Amino acid sequence: MATVELLRRKPQPSAADIAVITNLCRCGTHVRLRKAITLAAQRMQGRA
Amino acid sequence: MSVALSRRGFLGVTLASSGALWLQPAQAQGGKRIGLIVRIEPDNRVTIGCRNAEIGQGVLTSLPMLIAEELDVRWADVQVEQLPLGVDFTVQPPQWTWGPQGAGGSTSIPDCWGDHRQFGADARALLVAAAAERWGVDASRLSTHEGSVRHTDGRSLRYADLAERAAALPAPAGKAPLKDSSLFRIIGQPQRVVDARDIVTGRARYGLDSAPSDALVAVMQRCPHFDGRVATVDDRAARAVPGVIDVIIIEGPKVTDPLVEHLAAGVAVVARDTWSALRGRAALKVTWHAGPHAQESTASFNAQCERLLAAAGQVVLDQGSVDQAAGVATRRVQARYQLPFANHATMEPQNAYVKLENGRALVIVPTQSPGVIPRRVMNLTGIARENVEVRMTRAGGGFGRRGTVDYVCEAVLIAKATGRAIQIVWTREDDMHHDYFRPAGWHDLKASLDGHRVTGWHHKLASASKHYRRAGQKDEDLWQPELYPDDFPARLVPNLRLEWCSVQSGVPRGSWRAPAHWANAFAVQSFVDEVAHASGQDPLALRLALLGAPQQLPYAQHGGPQFDTGRLAHVLKLAADAVGYGRTRAAGSGVGLACHFTFGGYAAHAIEVSVSKAGELKIERIVCAVDCGRPINPMGLEAQMQGGTIDGLAAALLQEITIKDGAVVERGFADYPLLPLAQTPPLQVLVVHSSATPSGAGEMGIPTVAPALANAIFNACGVRLRRLPVKNQLREAMVARG
């Protein structure tokens with residue numbers, strides 16, 4: 001949900017924009033979260 | 001409908017209502033019955049059972065891959081089911097139906113590597129035999145390809161058309177041959193988590209989602225003090241809360257009892273839903289007897305460590321003479337490292353569903369140890385073990401916490417007292433206060449050198465043993481989970497002493513991911529750097545010199561039987577090369593290294609940091625190099641190393657459980673933080689493409705993070721951090737330095 005809101009506001013988020021997300025992750029998926037958000041942004045822009 | 005077609009050949013077939021077939025030929029292997037866990041569906045898809053519990057480590061994907069490879073089916077045609085606990089209690093000792101089902105110690109892959117491929121190969125052999133019989137040809141003229149049996153003349157039959165006959169055939173004589181690894185098409189290929197879509201769309205069911213609708217919800221107000229008791233309860237207001245059905249006092253375990261069945265005394269509020277139960281709990285008025293540990297605090301624990309380290313401990317290993325080596329040393333180095341208690345903090349707090357009815361029990365639970373549950377239920381209720389059904393759900397994390405089933409026992413006690421099916425639910429605060437915490441300890445390291453050569457190594461540890469209040473535990477063996485005698489630098493230095501001091505504490509302790517490796521690798525790998533700096537050596541060069549020429553050393557603890565120094569040196573060099581070790585860096589920047597052998601796997605971290613004059617730490621990037629033998633699912637392996645690294649980083653930087661008045665101080669993620677996304681550095685994982693027998697991957701990503709970080713900080717700014725977590729220490733040190 002935080003990602004949807006982020007991408008609504010910033011369709012091409014920078015690393016700093018993504019870092020603003022404060023959701024907690026216990027299992028250490030942080031690296032994949034960033035990758036997934038970037039990928040989602042690209043797909044929504046029709047770039048991937 | 002269930003049809004046993006042939007007992008003689010140890011075969012059984014279950015014809016499910018869908019018409020699908022479970023191929024379950026069980027083979028007599030050293031007296032063990034091991035059934036195949038493969039079902040061929042009518043549409044030729046294949047359902048593969050996963051016997052180990054999924055706690056986020058990826059076994060629902062990686063274990064079926066082993067079977068699918070040998071069965072020779074398309075991975076896209078495979079669907080996976082979590083198997084329930086399968087134990088045959090009619091034989092003595094009881095036997096696993098599908099093989100061992102625990103999840104811990106990085107054992108799932110090494111346990112399943114052999115037998116799962118055999119399950120697949122045996123099932124494939126049966127399907128080939130069924131086709132040979134149908135066509136009246138010799139099986140040697142047939143081959144398989146992606147779910148079909150092929151004849152040399154071009155004919156083919158789908159597995160689905162052969163399954164019923166295959167399941168009725170006698171089990172293959174001997175073991176069907178396994179594929180040559182050069183033919184692998186699934187093993188070694190990156191595969192996404194099979195239920196990833198369910199997870200991200202909220203359809204995956206965790207323990208909290210899995211209680212049947214007959215469950216009442218129970219929450220407990222537990223005594224905050226270790227081994228405390230309930231003194232008085234006024235439950236009038238709680239019982240008046242709409243939805244509250246009952247209030248029950250749960251006696252805690254006696255101070256002399258093993259701490260296996262439950263952790264704490266308390267008052268359970270049983271209600272029709274979680275909200276009502278929580279409101280009822282909030283309305284309770286309970287007073288406590290604070291118990292025998294009411295004076296314990298972090299300060300008293302530390303004072304005990306300091307006092308014990310000043311006196312002689314229990315020498316658990318003494319090779320050569322460290323005293324003699326010290327006497328003739330050209331240089332002696334010593335340092336003290338301090339590590340805190342830690343909580344597992346699984347994202348899904350503890351919970352369980354228990355129903356006791358007509359001499360039977362049903363338990364639905366996220367757990368790492370389903371196999372221990374029947375005995376616990378029997379002990380608490382008298383229900384025979386064979387009448388206890390255990391179903392495992394996907395668990396929202398494990399990290400060792402769900403290796404104990406105290407929360408199941410609480411639900412059993414409440415179900416027994418109320419006569420109702422119970423779902424027990426812990427809140428975050430419950431979970432932070434009540435855990436089997438990772439033991440805290442102080443490490444004194446001493447080294448003797450002759451020039452550049454390390455001649456003596458003395459590791460003296462004062463800790464509260466992980467084996468706290470276990471049945472049959474001998475005091476003289478309490479050190480065993482704290483120091484692993486075959487760890488580096490055993491046999492690599494001529495004089496070695498390991499010494500242990502038993503700290504008395506009421507804090508319940510247990511296994512936290514990579515148990516003693518986490519603390520010991522921090523102390524040892526930090527100290528290697530200190531020895532290198534003190535003797536004018538490069539830390540990488542000293543590590544490589546100590547590891548020496550590649551050799552196989554005996555390793556008697558878990559993860560053995562051998563420790564290959566060459567494989568450890570290799571991952572160390574990989575990480576060092578990738579981070580650009582030895583490159584000139586700007587002032588305030590530095591790199592640190594660490595390597596360690598954990599439960600059969602070899603890992604190294606190289607961390608690059610920068611430290612401002614004010615002590616602001618920035619982790620620029622992390623490289624993790626790992627050799628876990630042959631990677632089964634490289635994507636899963638990478639995820640485990642990323643997760644382990646971030647877990648290790650959060651533990652090193654932020655996490656500490658402190659004690660006051662014999663109780664845990666921290667309450668939740670506000671004072672026991674997880675690593676924020678903003679502080680997560682770029683992270684590169686390098687996987688050695690080994691053909692060695694695979695180890696697991698759950699724990700080796702953790703132990704080397706903290707020492708590599710401490711070494712990097714020293715390299716960047718000259719401040720040596722010997723106490724974890726880092727928290728504000730760096731800022732304080734830089735301010736003090738001015």
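Order of the sequence lines sets the chain letters (A, B, ...), proteins ahead of strands, with each chain counted from 1. The shown structure was predicted, so the numbers you read here are calculated from the model rather than taken from an experiment.
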Roughly how far apart are B:Met641 CE and B:Gln684 CD, rounded to 0.5 Å? 14.5 Å
Considering only heavy atoms, which portion of B:Ile646 lies under 4.5 Å from any heavy atom of chain A: side chain, backbone, both, or neither? side chain
Under 4.0 Å between a Lys/Arg side-chain N and an Asp/Glu carboxylate O for B:Asp195 and B:Arg394? yes
Which one of B:Thr645, B:Leu675, B:Thr346, B:Thr680 has the most heavy-atom pairs closer than 4.5 Å to chain A? B:Thr680
Taking every heavy-atom pair that is under 4.5 Å apart, which of B:Ala639, B:Pro673, B:Pro676, B:Gly644 has the most such pairs with chain A? B:Ala639
To the nearest 0.5 angstrom, please state how far the CG atom of B:Asp435 sits from the CZ atom of B:Phe341. 11.5 Å
So, taking the atom named CZ in A:Arg26 and the one named NE2 in B:His344, what distance separates them when rounded to the nearest 0.5 Å? 8.5 Å
